[in-house]
Every structure is written in structure tokens, then in C-alpha cells.
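Here is the structure we will look at, set down as C-alpha cells.
Order of appearance sets the numbers: ligands from 1, and atoms from 1 within every ligand.
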Amino acid sequence: MAMAAAAAASSQHLGLALITSLACLRGRAGAITSAASKLSYILSESAGYILREPICRPRSLSASATTQESVRGPSQAGPPSTDGGVIDTSPPRGTRDFPPEDMRLRTWLFNNFREVSSLFGFEEIDFPVLESEELYIRKAGEEITQQLYNFEDKGGRRVTLRPELTPSLARLVLQKGKSASLPLKWFAIGQCWRYERMTRGRRREHYQWNMDIIGIPGVEAEAELLSAIVAFFSKLGITSSDVGIKISNRKVLQEVLGRSVIPESSFAAVCVIVDKIEKIPRAEVEKELTALGLPVEAVDTILRALTLRSLDDLEELLGSDNEAVVELKQLFELARGYGFEDWLQFDASVVRGLAYYTGTVFEAFDRTGTLRAICGGGRYDKLLSTFGGVDTPACGFGFGDAVIVELLKEKKLLPELNHEVDDIVMPLEEELRPQAAIVAARLRTQGRRVDVVMGNKKMKWAFKHAERLQAKRMVILGSTEWTKGSVRVKDLSSREEKDLPLEEL
Ligand code: HAM
């Protein structure tokens, strides 16, 4: 036995001889893989999709630090240095790296965004992350305009990293002008930057999926958008008992305000203040509203109107021919038609903190009440005219990537996403590298995902590697087989192995 092993060791068939015996390593490698995946889950929390604040100091004993050590030498704790010392390896506070395990999740999420958008007949667009600051100069006191990552560029222009996508969309619609045939149904997935106070699910950069419809004044547009949001949730396994969508209409406030003597120009500012009702004390909201010039009785009427939770009560307050009442009723009827009425709930306290909304406003929330808004949107029929264009009906929503991942984690709905390849190509000798290239190229033209073993690796390493990548086959090149025009192919699930001629690969 020992002699046979020695003979095998001396032969170029060492690798092939080891195939069968190494198969027993698969069990151990499996254990290693599962431990590794637990570790990568822990690590992933300090990278892309986290449940808590990122660690903003150099990591020392984490596995990722160990990996980096092997690349750049031993890590040294201490403040970031620019004088040739070791830099702080954390990304800037509130931002994320996306190592492969997080990138897989992000790609999966974005694919779902794209699939749903295309199911609803939307086309993808994109804009620059850097925009002109003037797109965001709005005077209603919105938080978002105070959170800009803005600066002067080298040409003296005021620019900013975009905090949202809607103004860029409006700019593009204006740029297209009459050449755009309405309605436009556009979607985008883009990174947004807001200098926010960080809380769970709120970061300084996030990706937003937006769907917008330009050119439709009726609520059939909102109904399509809401249907798309529900389709997305359902696709991921989230149900109406996990998530609800609160809906209201800014015309409710407009009507209430119209009954008092507030100038129309203050409307957006009132909405922005009222939106803070759940974040700051009521007395503070009252103070801010009276500072705008609202009489005490008007403030009281507004705040009472916000407590409404039923459409019947709203109808009683505003009358059945009030526009907000009519639109909300139409929207609920359409939702019944689409079959997602159970997701919706009228809630007059939803106003939204962005100045430009003019009609329907909505926000999706998790029913346990632990997370921030999952997505939000509404109608903004006047945004284009504030940019110098003509009033054009528009509505849409923004759906962030951070809160949904937390929700999926909580509901245990995150998919298991692995780095996968089909074949591992292993040349047993350095001289067989050109032949390995021929094999890999041939397999790739067939659409198979191929990983060629590089460097001077042993068979043991190659098998562990195959296990980690969940490869389906190991394609091994030995010179004896190659002179016969064959390669050795091992099926890694059945463990069967055979020599296959190159043309049958
Ligand atoms: P928004 O409510 O400001 O609306 O943001 C939409 C969504 O983006 C939020 O519901 C949340 O999922 C995500 N989000 C916002 N800020 C952050 C943050 N700091 N960290 C993580 N996620 C965040 C808008 O931006 C509108 N422009 C949406 C829209 C499109 N309305 C019409 N069309």
C-alpha cells in the first residue's frame, strides 16, 4: 500500500490518483465551508448591509484584517496616517464597502428591482451622481437640502452629490422637451448621498430604486406604482401582514389650510413642518407653524385633521366632492381591482418631508414598527414648472436598499447567495497551462462558468477550492491523458470520474 502510494507519488498521475482519496475531504471541507459562511455573515455586518453602526476604527483581529495583512503587511492600530503609515481601512463614516458577499446581495436586490420594473413596462435611465447644486435649492426648510454633500468644483461651480433622484429626473424630462412622448415610464437605481444623523437603516449613502410616471394626471398612475411596489414585496416573500402602505393626499392639508388665511406660497413649508409630527414634540410643531403666520385655530385644525384614519371620516370633514376624497376613493377602488387593497391604509398623518409633492403621498412601513419607512413617494405635478418648464403631471417613489435588507434579515427571507462556478480546470503540471487555457476557453464558449487554478497549487487545495465555489466538475489535465486528446473529468456531486475527449467536453 505504502509502496503503491510512493509509486503514485513519483508518477505524473499523482493528482489523478489522489482524486478518489481526496473525495473524503469533501465532508471536512463542507464543515469548513459552513464555518466560513458563518464567519462571512458576521463580517458582512460590518460591511455593506449592516444591522448596526459600522465600526469606524481600523479593524485589527477580524478575518478581513488578516486577509489584508497578507496583502499589505501587518496592520497597525492607530489613527489614520497620510505620511506613509497604515491608513484607516474603514470606509468614510456612514458609507459602505461591498465585498463579494454583500455585492452578491446587492446584485440580487437590484435584479429584483429591474425585473419588477420591466414587468410593469418601465425603461431604465441614469444620471450623474454629481449634480448642480441649484437643482436642490428649495426654500421650504426640508431636511434634505440641509444634508447636501455640496462643494465648489475647480471651475468655481456649486455642485453636490445627489441626495435623491427626482430633481435629476425632472431635469432630464425638461431636457427631452417635446421629443418625449408622454407618458414616460422610467425607473432608475442610483446611489444617493445625504449627510444624515445615522440611525438604523439610515446611512450617508444609500441606493434608491425609483419608478416614476410622467404625463398622467389621474390616480391610475399611482395605482400602477403601488402595484409595482406590492409585486416587489411579494416576489421577495413579504406579505401584507409584514408590511403596509400608508396613503394620504396633500390636498387634505390644502383644503384645511384653504379655510384659513395662509398664503399658498407657505403650503410646502407647512407640509415639511407637519411631517415632523412623529419626530419632534407636538408643541415644537405648533411653534413652527405659528412662526409661519398660521393662526392658532388653523394649527389646531391641521393637527386634528392629521389624526384621521378612515376615509369615511375624511369625507365627513371635507365633503364627498373634495378632490382629496375623490382621488383617494378612486385609488382604493383601483387597488381592489389589482388585488392589493389589503396592503393600503389611509392615514392623514402621512405628509412626507419633501416640498414638491402636490397630491397623493405614500410610505411603506413594517408592521412591527421597528424600522424606518421602507419606501416613499407621491405626486409632484409642479416640480417641472419650478425648474422653468411647464406644469407636467408626475408621480413616483423611491425605495432604499438598506431598510429592505434589514426587513428581509428579520423575516429570514434573505436568499443564500454563493459564489458559483461550473468547472474548475486544474493543470497537473506547469507545462500544461496552455492546454488548460484551451480547455477553459472551450468550456466558456459553451457558457460554462470556469475557474482555472492559477499558481502552483496542490490537488488538495484545488478540491477545497472547488468545494468553496460549489463547482459542479473538476477538469484535470495530465500529460498522459492529454497526449490521447482527453482530460479527466470528475463530477463533484456523484463523484464519478472519467476521461473525456476534448471535443466531448
Ligand atoms: P425619500 O422618502 O426621501 O423620497 O426617500 C425614499 C426612500 O429612500 C426612503 O423611504 C428610504 O427607503 C430611502 N432612504 C432615504 N434616505 C435614506 C438614508 N439616508 N439611508 C438609507 N435609505 C434612505 C425621495 O427621495 C423621493 N425623491 C422619492 C420619489 C421618487 N418621489 C417621487 N419619485
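Comparing C375, A402, C395 by heavy-atom distance to atom 10 (O) of ligand 1, the nearest is C375. When the heavy atoms of R202, E363, R372, H206 are ranked by distance to atom 9 (C) of ligand 1, first place goes to R202. Considering only non-hydrogen atoms, atom 3 (O) of ligand 1 lies nearest to R194 out of R194, Q208, E164, R352. Looking at Y380, W209, F399, Y357 and measuring to atom 29 (C) of ligand 1, the nearest heavy atom belongs to Y357.
The shortest N or O to N or O distance between R204 and ligand 1 is not below 3.5 Å. An N or O contact shorter than 3.5 Å is missing between I144 and ligand 1 by distance.
D401 and R96 are joined by a salt bridge, as a carboxylate oxygen and a charged side-chain nitrogen come within less than 4.0 angstrom of each other. Using a 4.0 Å cut-off between charged side-chain N and carboxylate O, R157 and E152 make no salt bridge. Here R250 does not pair with D275 in a salt bridge; the nearest charged N to carboxylate O distance is not below 4.0 Å.
Near D212, meaning under 4.0 Å from one of its heavy atoms, ligand 1 places the atoms 30 (C), 32 (C), 33 (N). Atoms of ligand 1 found under 4.0 Å from any heavy atom of N210 (numbered from 1 in listed order, with element): 30 (C). Close approach of ligand 1 to G376 (heavy-atom distance below 4.0 Å) involves ligand atoms 10 (O), 28 (C). Listed by number with element, the atoms of ligand 1 under 4.0 Å from a non-hydrogen atom of R203 are 18 (C), 19 (N), 20 (N), 21 (C). The contact set between ligand 1 and Y356, taken as ligand atoms under 4.0 Å from a residue heavy atom, comprises 26 (C), 27 (N). Counting atoms of ligand 1 from 1 in the listed order, those under 4.0 Å from a heavy atom of G201 are 20 (N), 21 (C), 22 (N). The T166 neighbourhood of ligand 1 comprises atoms 26 (C), 27 (N), 29 (C), 30 (C), 31 (N), 32 (C), 33 (N), with distances under 4.0 Å to a heavy atom of that residue.
Using cut-offs of 30° and 60° on the angle between ring planes, the pair F340 and Y338 is tilted. Taking the six-membered ring for Trp and thresholds of 30 and 60 degrees, F399 and W209 have ring planes inclined between 30 and 60 degrees apart.
The side-chain contact (heavy atoms from CB on, under 4.5 Å) test with F362 is passed by exactly one of V350, D347, I245: I245.
Qualifying side chain to side chain donor-acceptor pair (under 3.5 Å) partners for Q330, counting only residues two or more places apart in sequence or in other chains: none.
Given atom 28 (C) of ligand 1, the protein heavy atom at minimum distance is G398 N, 3.4 Å. In this structure, the protein non-hydrogen atom closest to atom 24 (C) of ligand 1 is L354 CD1, 3.5 Å.
Counting only residues at least two apart or on different chains, the salt bridge (charged side-chain N to carboxylate O under 4.0 Å, His left out) pairs with a member in residues 107-117 are R114-E124, E115-K235.
Taking the centre of each ring, F346 and F332 stay at or above the 6.0 Å mark. Between F122 and F187, a ring centre-to-centre spacing not shorter than 6.0 Å is recorded.
Residues D242 and W343 have side chains not in contact (no heavy-atom distance under 4.5 Å, counting atoms from C-beta outward).
Contacts of F397 with ligand 1, taken as heavy-atom pairs under 4.0 Å, involve the backbone alone. At a 4.0 Å heavy-atom cut-off, ligand 1 does not touch V403 at all. Only backbone heavy atoms of I374 (N, CA, C or O) come within less than 4.0 Å of ligand 1; its side chain stays farther off.
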